[in-house]
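Report on one structure; see the data block that follows.
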Amino acid sequence: MILREYDPKQIEKKWQRIWEEKGAFHASDRTDKPKFYALIEFPYPSGAGLHVGHPRPYTALDIVARKRRMQGYNVLYPIGWDAFGLPTENFAIKNKIHPRVVTERNVAHFKEQMQSIGFSFDWSREVNTTDPAYYKWTQWIFLQMFKKDLAYKRMMAVNWCTQCKVGLANEEVVNGVCERCGGKVERRMRSQWMLAITKYADRLIDDLDDVDYIERVKVQQKNWIGRSEGAEVDFTVNGRKMTIYTTRPDTMFGVTYMVMSPEHPYLDEWKDQIRNWDDVADYRKKSSEKSDFERTELAKDKTGVKLEGIMAVNPVNGAEIPVFISDYVLMSYGTGAIMAVPGHDTRDWEFARKFHLPIIEVVAGGDIEKEAFVDIETGTLVNSGFLNGLSVEEAKKAITEWLTEKGLGHKKINFKLRDWVFSRQRYWGEPIPIVHCEKCGMVPLPESELPLLLPDVDSYEPGPNGESPLAAMTDWVNTTCPQCGGPALRETDTMPQWAGSSWYFLRYMDPHNDQALASKEALDYWSPVDWYNGGMEHTTLHLLYSRFWHKFLYDIGVVPTKEPYAKRTSHGMILGQNPHYVGNFETQAEKDAMIEKYGADALRPAVKMSKSLGNVVNPDEVIDTYGADTLRMYEMFIGDFEKAAPWSDKSVNGVRRFLDRVWKLQEMMTADEGISADMETPLHQTIKKVSQDDESLKFNTAIAAMMSLVNKFYAKGSITRGEMSVLIRLLNPDAPHITEEMWENCGFGGYVYEQSWPEWDEEKTVEAMITIAVQINGKSKGTLQVAKDADKDAVMEVFRADQRLMTQIEGKQVVKEIYVPGRIVNVVVR
RNA sequence: GCAGUUGUGGCGGAAUUGGUAUACGCGUUAGACUAAGGAUCUAAUGUCCACUAGCGACUUGCGGGUUCGAGUCCCGCCAACUGCACCA
């Protein structure tokens, strides 16, 4: 056989076309096969196109999906577009094009790029969140939530991005600036749609026990939801009941003052009794002007004002204590007021020091002169009346019971999680299907009127007061009330980008259904997603939101499972070269200048890829030079899948060289259909290694094993047809194009994707003779060849027959002989 | 500050979970082929010493410990990354 050169350009397009024509990767709805649902986070089709980071997770699950098909599963590996969102809208404003047109263009580009990489997506199930047939059901879910009082409207301080001109969810504010654009975030009062995710806080934590998520995802979600167990206690302030929340009711005898949030509503009512009202008003004004960012910056230095003329009474001992306002107490958590225990809370301690307030020790074990003693494991209660001598744990229980009995308080669980700000005053999102009627109030649109289409507008710019561009569409806004038929106004806010992505995995199960978001049969068959891989940056946003929606849909009987995703894994980022890296510079002066200019970033050789740094690698170029199979395999070989890894143009070539070598194996193939005796063990070892590593995200070592195997064929100079068949099938999920081409060349018949996954025989993974290491006094001194099932005596016999080793222990007394079967011999001598 | 993760060659990274540390790849060096090679093939490649030869010494951020044996377990430091950031 005369072998053509390996030319990815030719064969990759060819096989992509064949797969498409054959519908090779279409999931079947009716089959006896077990199902497997693999999911990746569908992309936001940005104008910049795909970068080299996108294919990493897609390839990983493509490998799993392709392998599962060969193992006999009915696999669903779908793809779609999360296409609503601000960048598209901003681009549309700038260039005076309809966002729909921009979206179509971007989707087309993304699709072409993705298809050129050869993912085994089921393109017949492609979904797009901006498609009315899709967002009809996003709106439908919203209506169900509205009907269950989980969607409500409220005036509230929102995080307002001054650049995007849009309200943001707490989750979207990072370090006091907008997560998307980095713009300054202010607090503004605005009537906003909210979703009551906090009602699900408990279940969102508890049900994590039932799913197989990587640990750091679970931890991050738990911390974000932030459950804390404590008590609510009623203090008396100026003769009035004021409730506080504490996680340390055991320290109540150590309360020396109280602190209220500057925004606390009681303050206005006490205006006449507060003798230093001017100071108080001044402090309130200053703290309201501080952005969250500034408040955080100043966190170390406590500020506050004492309320002159206001006294509080500690309910446990009747002690009179002063009351302060300070912005270290937040109105949005607990009750907006706290009891301060400076002996056992770091913030209270700092505040007390600054304002010269008494600090009382009520838990012995630390030194409260130096710092607050916050340990809850070791301390013993003192100076605390009936609690004296108890541990913190016991005291908490005792005091809570006592408070409950006296009617002064009760056990209480609080969460950091806040309700989800769900409205955006922007155009490119799902319209909220609610009508405001003077008589009837907020009325949901009848389901028969869904989808409520996004109308065409003249301008996509937000209004001067930040109202939605839809508000200017009077024809659209003016409508009739579905309930009373009277005049009414449509809601003009739209949903955030997170809406469409909160349930898209359900739509894939039955993407063309116009009677329901998906049929019951499809939901029952495909639920839950078996393996979901995505970025860590979505842990507290998309992942949490979609779990919430799914639980709601479960509650109203739409979906059959409590949790949407059985398994969640996460990939590391692919980093680019850092042009500012100080390692690149010769002189110390140059280095220092770069460190000065770019800070810690200058010390990192690799950083996040970004347009502004000009270090973005485009997959198209990689495919053009090396081919899609090389791109795929390099991204899998680059390092630990879960960790960030720097892109290296040079290393890519190593993978291409490997594929060239695989291709050239065809030249040395013999007609033998069997497995040669000397290759049996390496072959079975490789099958085992690849099969197991691909399941545990260790794609890099699976590839290393295949490289070693190929090197063995080269060392030998031949490969049988039988061995070739196994190798091609093993390599197919990683490099699907070259393997299909070779399969065809070799005349095996059919296609690789329809073949079965090779299986290994455990017996055959072990050589008859094995090499075991020999240590003398724990130091490696050589190796021994023994039969694989040799016992200790047999091994020691081989040891004693070895002259070189024996000279090592000559004249010494053997104290101990240790043999770990198949691994090591250690002889201890004296 | 708190939580989580991680420190292994010049580089990306392996190490069956306590058993020959540095697999696989990049890079580098030498040789082969060649008119030529930035292609390909072969070999070498942790550091130091010896180099006629090795059964030589040292080595997984630093310092201790447990063990016949530690990259892996324990204690104490140091550094980096990610997330949270006054959540009572």
Side-chain angles (χ1 to χ4, degrees), chain A residues 174-176 215-216 218-220 222-224 226-228 230 244-248 251 259 292 295-296 298-300 302 326-330 332-341 345-348 350-351 414-418 536-537 539-540 572-573 600 603-606 634 637-640 642-655 657-658 660-661 664 688-689 692 698 700-708 711 714 771-783 802-808 815-829:
Chain A
V174 177
N175 291 331
E215 201 51 33
R216 56 194 171 128
K218 286 191 182 184
V219 168
Q220 223 168 290
K222 278 180 193 163
N223 289 349
W224 186 262
R227 169 152 74 186
S228 66
I244 59 96
Y245 174 72
T246 177
T247 54
R248 294 294 304 277
T251 62
V259 188
D292 277 359
R295 269 171 88 144
T296 314
L298 299 169
K300 301 135 220 156
K302 297 277 177 294
S326 173
D327 61 10
Y328 86 84
V329 174
L330 308 173
S332 49
Y333 184 78
T335 63
I338 62 156
M339 63 177 210
V341 186
D345 180 282
T346 311
R347 295 147 305 174
D348 296 345
E350 287 166 5
F351 191 87
N414 260 342
F415 297 94
K416 285 197 226 177
L417 187 70
R418 315 285 161 77
M536 281 307 289
E537 71 274 20
T539 303
T540 53
M573 235 188 308
L603 297 169
R604 288 183 208 120
Y634 174 61
F637 188 59
I638 194 166
D640 186 335
E642 300 195 67
K643 286 193 208 140
W647 182 269
S648 158
D649 283 324
K650 280 189 177 155
S651 293
V652 182
N653 205 19
V655 172
R657 270 204 280 258
F658 167 69
D660 279 325
R661 282 160 69 82
K664 286 198 197 123
K688 181 178 177 182
K689 180 89 180 140
Q692 293 183 341
K698 291 159 95 178
N700 51 340
T701 49
I703 292 170
M706 288 190 279
M707 287 175 166
S708 295
N711 290 344
Y714 267 85
T771 305
I772 60 166
V774 179
Q775 295 183 338
I776 293 169
N777 284 348
K779 295 221 174 216
S780 299
K781 292 292 175 185
T783 58
D802 192 303
Q803 284 301 318
R804 279 186 161 177
L805 291 169
M806 285 309 283
T807 57
Q808 297 267 316
V815 181
K816 205 171 180 185
E817 287 168 349
I818 294 154
Y819 175 55
V820 181
R823 296 243 173 272
I824 203 161
V825 171
N826 190 7
V827 179
V828 185
V829 293

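In what follows, chains are A, B, ... by sequence order, proteins preceding strands, each numbered from 1. In this text the structure is predicted, and so the values were computed from the model without any measurement.
Considering only side-chain atoms of A:Arg823, the nucleotide from B:U20, B:G19, B:C68 that sits closest is B:G19. Considering only the side chain of A:Lys416, B:C84 comes nearest among B:C84, B:C86, B:A14. Of the candidate nucleotides B:G69, B:U20, B:C58, B:G69 has the atom nearest to the side chain of A:Asn826.
Residues passing the side-chain contact (heavy atoms from CB on, under 4.5 Å) test with A:Val815, sequence neighbours excluded: A:Val828, A:Arg830.
In this structure B:U17 sits in the syn conformation; its chi angle is within 90° of 0.
Using a 4.0 Å heavy-atom criterion, one finds that A:Lys218 contacts no nucleic acid atom at all. Within 4.0 Å of A:Ala644, counting heavy atoms only, lie sugar-phosphate atoms of the nucleic acid but no base atom.
With the nearest nucleotide of RNA chain B identified for both A:Ser651 and A:Met339, A:Ser651 has the one nearer the 5' end. Mapping A:Asn777 and A:Ile772 onto RNA chain B via the closest heavy atom, the residue that lands nearer the 5' end is A:Ile772.
Atom name C1', nucleotides B:U5 and B:G9: the rounded distance is 23 Å, in whole Å.
Atoms CD (A:Gln692) and C1' (B:U17) sit 14 Å apart, rounded to a whole Å. Look at CZ on A:Arg248: it is 11 Å from C1' on B:A88, rounded to the nearest Å.
Within 3.5 Å, a donor on the side chain of A:Gln775 pairs with an acceptor on the base of B:G19, or the reverse.
In RNA chain B, stems built from 3 or more consecutive Watson-Crick or G-U wobble pairs, each with both distances under 3.5 Å, span B:1-7 with B:78-84, B:10-12 with B:24-26, B:27-32 with B:40-45, B:46-48 with B:56-58, B:61-65 with B:73-77.
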